[in-house]
2 protein chains.
Amino acid sequence: MSEIETRNLIVEAATKFFSRYGFRKTTMDEIARHIHKAKGVLYYYFKSKEELFNEVLKQELNHVKAELSKITGSHEDSLAILKKYILTRLKLLSTAVNYHETIKADFFEKYDFVKDVRDDFARFEHIQLTHIMVKGKKEGYLDIRNIETNVNITLMLLNSIEIPLFLQNKFAEFEDTLKELATMVLNSLQKKRNV
Amino acid sequence: MSEIETRNLIVEAATKFFSRYGFRKTTMDEIARHIHKAKGVLYYYFKSKEELFNEVLKQELNHVKAELSKITGSHEDSLAILKKYILTRLKLLSTAVNYHETIKADFFEKYDFVKDVRDDFARFEHIQLTHIMVKGKKEGYLDIRNIETNVNITLMLLNSIEIPLFLQNKFAEFEDTLKELATMVLNSLQKKRNV
DNA sequence: AACTGACCAAAAAACTTTTTTGGTCAAATA
DNA sequence: TATTTGACCAAAAAAGTTTTTTGGTCAGTT
């Protein structure tokens, strides 16, 4: 079996178990058994359990990044893009259970080993939102003096509501409200003239 | 010693210990010793440790409520009131450590016994914000179609950011940004004419 | 009415034993 | 040479046990 195939099988199986049981409750042995291999082979492809989890998380977030990139790159106007971005981001992340685990860990043990992947995602989002807002300003839709500040506040809000939504399972309860939330964020950035 | 005096002494001492060590690590005996009384006397005034903590939390939140009421009742225009309300709310709650403990508990054990006090505070805030927004609409400052929805979103945001701010100790880091956040919320509700 | 101090059951903490698990590696396979 | 294996080990987690602490009670005192 080719190296890449086995590696993929491992990540696939790991994704299954990590998603269902979480990092701690998943054992390397059960991942190996699931693909009918000896446990040792996992260590041929991955340095440690932490690195394997890292890879799973990375792929989970890569999927989100790919979808969000599509939105940012589309040819709609920046208002529509921003609204779609916010709603899609929340929708996609709501199913990213390994990502949820890492934010939950912020209150407990801390998963230091996922810092790089999470930082990468944070940087990605910063770039995307900056891009959208610069575009919006150019097009005259958005009334933003300090783009950096507005990007940071928007990201802070988006990150903050993840906790009630994903960790306290209020996503279903708030799903409709989220549209209003997005509208509110748009509203706060939109170019208008004071009455 | 009069009944009310002793009761106050107990609550005062309890506040001290609960604030420093939290609900679980504080013992009824040390509270009693601190006021040079036998432990049994605590149970003359309070049904249980939980009820005593409840009283401490209640007073903590009553202080916040009192300050916020002053703001809501002031004679400034509704935009200024709303901005002050948001900033003061966050500032005051940032020092309410027993309140922090109860939101932290949402991720762990759950302190069911504080539900009433917290619900009461939530209702209070709902009323205050509704009042401010109704006033703002009447005065023509705010452009709000559905007040109920806007109140709920604003509260959801305020509640959400408590977690990074208070539990992950990012209050100092974000303190300056909060002003911008308040401005952003105001902006989203303010009456303007689309360009 | 307000308070005490001895008392108890239950829970938490501390300690011990047992089991599981992450990780290694020499040898086997391909 | 590139993969894979299975036995192996130290360390950690889990399970089990003992000891200590603590919330709560109550008969009796002030």
Side-chain angles (χ1 to χ4, degrees), chain A residues 1-57 98 101-102 104-105 107-114, chain B residues 1-57 98 101-102 104-105 107-114:
Chain A
M1 189 171 280
S2 80
E3 182 162 340
I4 188 73
E5 266 178 61
T6 305
R7 211 192 112 101
N8 285 344
L9 274 180
I10 292 171
V11 175
E12 207 177 293
T15 302
K16 214 167 243 165
F17 282 97
F18 284 140
S19 300
R20 178 122 62 250
Y21 303 110
F23 177 72
R24 270 186 51 198
K25 289 286 185 183
T26 296
T27 72
M28 293 298 264
D29 199 54
E30 66 187 340
I31 294 172
R33 280 196 321 262
H34 192 257
I35 58 169
H36 308 290
K37 291 264 160 77
K39 184 176 58 169
V41 81
L42 301 194
Y43 290 90
Y44 180 77
Y45 292 94
F46 297 93
K47 194 166 110 280
S48 64
K49 187 186 182 185
E50 300 190 348
E51 205 189 68
L52 178 53
F53 183 82
N54 223 22
E55 177 62 27
V56 168
L57 180 66
N98 294 298
E101 187 176 352
T102 67
K104 193 165 211 166
F107 298 97
F108 303 76
E109 321 98 304
K110 303 265 178 202
Y111 289 181
D112 294 332
F113 53 96
V114 297
Chain B
M1 187 171 284
S2 79
E3 183 163 338
I4 190 71
E5 266 178 60
T6 304
R7 210 192 114 102
N8 285 343
L9 275 180
I10 292 172
V11 175
E12 207 177 293
T15 302
K16 214 168 241 162
F17 282 97
F18 283 141
S19 300
R20 178 122 63 247
Y21 303 111
F23 177 72
R24 270 186 51 198
K25 291 284 186 185
T26 297
T27 72
M28 292 298 263
D29 198 54
E30 66 186 340
I31 294 171
R33 279 195 322 262
H34 193 257
I35 57 169
H36 307 292
K37 292 265 161 73
K39 185 175 57 168
V41 80
L42 301 193
Y43 290 90
Y44 181 77
Y45 292 93
F46 297 93
K47 192 166 111 281
S48 64
K49 186 186 184 185
E50 299 189 348
E51 206 190 67
L52 177 54
F53 182 82
N54 224 22
E55 178 62 28
V56 169
L57 179 67
N98 294 297
E101 186 176 352
T102 67
K104 193 165 211 165
F107 298 99
F108 304 74
E109 321 98 303
K110 302 265 179 201
Y111 289 181
D112 294 332
F113 53 96
V114 297

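Keep in mind it's a predicted model, so treat the numbers as computed, not measured. Note on naming: letters A, B, ... go to the chains in the order of the sequence lines (proteins, then strands), and numbering restarts at 1 for each one.
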Discussion item. What's the separation between atom CE in B:Met28 and atom CZ in B:Arg33, rounded to the nearest 0.5 Å?
Written reply: 13.0 Å
Item to complete: Output the distance between atom CG (A:Leu9) and atom NE2 (A:His34), rounded to the nearest 0.5 Å.
Response: 10.0 Å
Response to the item:
When rounded to whole Å, the CD to P distance for the pair A:Glu5 and D:dA2 reads 18 Å
Give every donor-acceptor pair under 3.5 Å between a side-chain atom in residues 14-25 of chain B and any protein atom, sequence neighbours left out.
unit_1: B:Thr15; atom_1: OG1; unit_2: B:Val11; atom_2: O; d: 2.7
unit_1: B:Ser19; atom_1: OG; unit_2: B:Thr15; atom_2: O; d: 2.6
unit_1: B:Ser19; atom_1: OG; unit_2: B:Asn98; atom_2: ND2; d: 3.2

Worksheet item: Does B:Thr27 make a side-chain N or O approach to OP1 or OP2 of D:dT21 shorter than 4.0 Å?
Response: no
Worksheet entry | Length of the CG-C1' vector between A:Leu42 and C:dT21, whole Å | 13 Å
Worksheet item: What's the shortest heavy-atom distance between A:Ala13 and A:Ile35, and which atoms?
Response: CB-CG2, 3.8 Å
Worksheet item: Whole-Å distance between D:dT21 C1' and B:Lys25 NZ?
Response: 11 Å
Worksheet item: Rounded to the nearest 0.5 Å, what separation is found between the OG1 atom of A:Thr102 and the CG atom of A:Asn54?
Response: 10.0 Å
Worksheet item: Taking only residues two or more places apart in sequence, or in another chain, which ones meet B:Glu55 in a salt bridge (Lys or Arg N to Asp or Glu O under 4.0 Å)?
Response: B:Arg7
Worksheet item: Nearest heavy-atom pair of B:Ile31 and B:Ile10: which atoms, and what distance?
Response: CG2-O, 4.2 Å
Discussion item. At 10 degrees resolution, what angle do the end axes of the helix from C:dA1-D:dT30 to C:dA30-D:dT1 form when each is taken over five base pairs?
Written reply: 40°
Worksheet item: Partners of B:Lys110 by side chain to side chain contact (heavy atoms under 4.5 Å, CB included), sequence neighbours excluded?
Response: B:Asp112
Find every protein N or O atom lying less than 3.5 Å from an N or O atom of nucleotides 27-30 of chain D, and list the pairs.
none

Worksheet item: Residues from residues 15-24 of chain B sitting under 4.0 Å of DNA chain D, heavy atoms only?
Response: none
Worksheet entry | Length of the OH-P vector between A:Tyr45 and C:dG23, whole Å | 18 Å
Fill in: Any B:Thr6 side-chain N or O less than 4.0 Å from OP1/OP2 of C:dC3
yes
Fill in: Intermediate values then yes/no, side chain to side chain contact (heavy atoms under 4.5 Å, CB included), B:Lys49 and B:Phe53
CA-CA 6 Å; B:Lys49 186 186 184 185; B:Phe53 182 82; 5.8 Å; no
Worksheet item: How far does CD of A:Glu30 sit from NZ of A:Lys39, to the nearest 0.5 angstrom?
Response: 11.5 Å
Is there any protein nitrogen or oxygen under 3.5 Å from a nitrogen or oxygen in nucleotides 4-11 of chain C, and what are the pairs?
unit_1: C:dT4; atom_1: OP2; unit_2: B:Ala38; atom_2: N; d: 2.7

Discussion item. With a cut-off of less than 4.0 Å, is there a side-chain N or O of A:Tyr43 near OP1 or OP2 of C:dC25?
Written reply: no
Fill in: Distance in angstrom units between A:Asp29 CG and C:dT19 P, rounded
18 Å
Worksheet item: More than 12 foreign heavy atoms under 6.0 Å from CD of A:Glu50: is that the case here?
Response: yes
Worksheet item: Below 6.0 angstrom between ring centroids: does that apply to A:Phe108 and B:Phe108?
Response: yes
Practice prompt. Please list residues of residues 46-56 of chain A whose heavy atoms come under 4.0 Å from any atom in DNA chain C, ordered by number; otherwise none.
Written response: A:Ser48, A:Lys49
Item to complete: Mind listing the closest non-hydrogen atom pair of B:Glu51 and B:Phe46 along with its distance?
Response: OE1-CA, 3.6 Å
Worksheet item: In chain order, what residues pass the side-chain hydrogen bond (donor to acceptor under 3.5 Å, both in side chains) check against A:Tyr111, with sequence neighbours excluded?
Response: A:Glu101
Item to complete: Tell me, please, which residues at least two apart from B:Ala38 pass side chain to side chain contact (heavy atoms under 4.5 Å, CB included).
Response: none
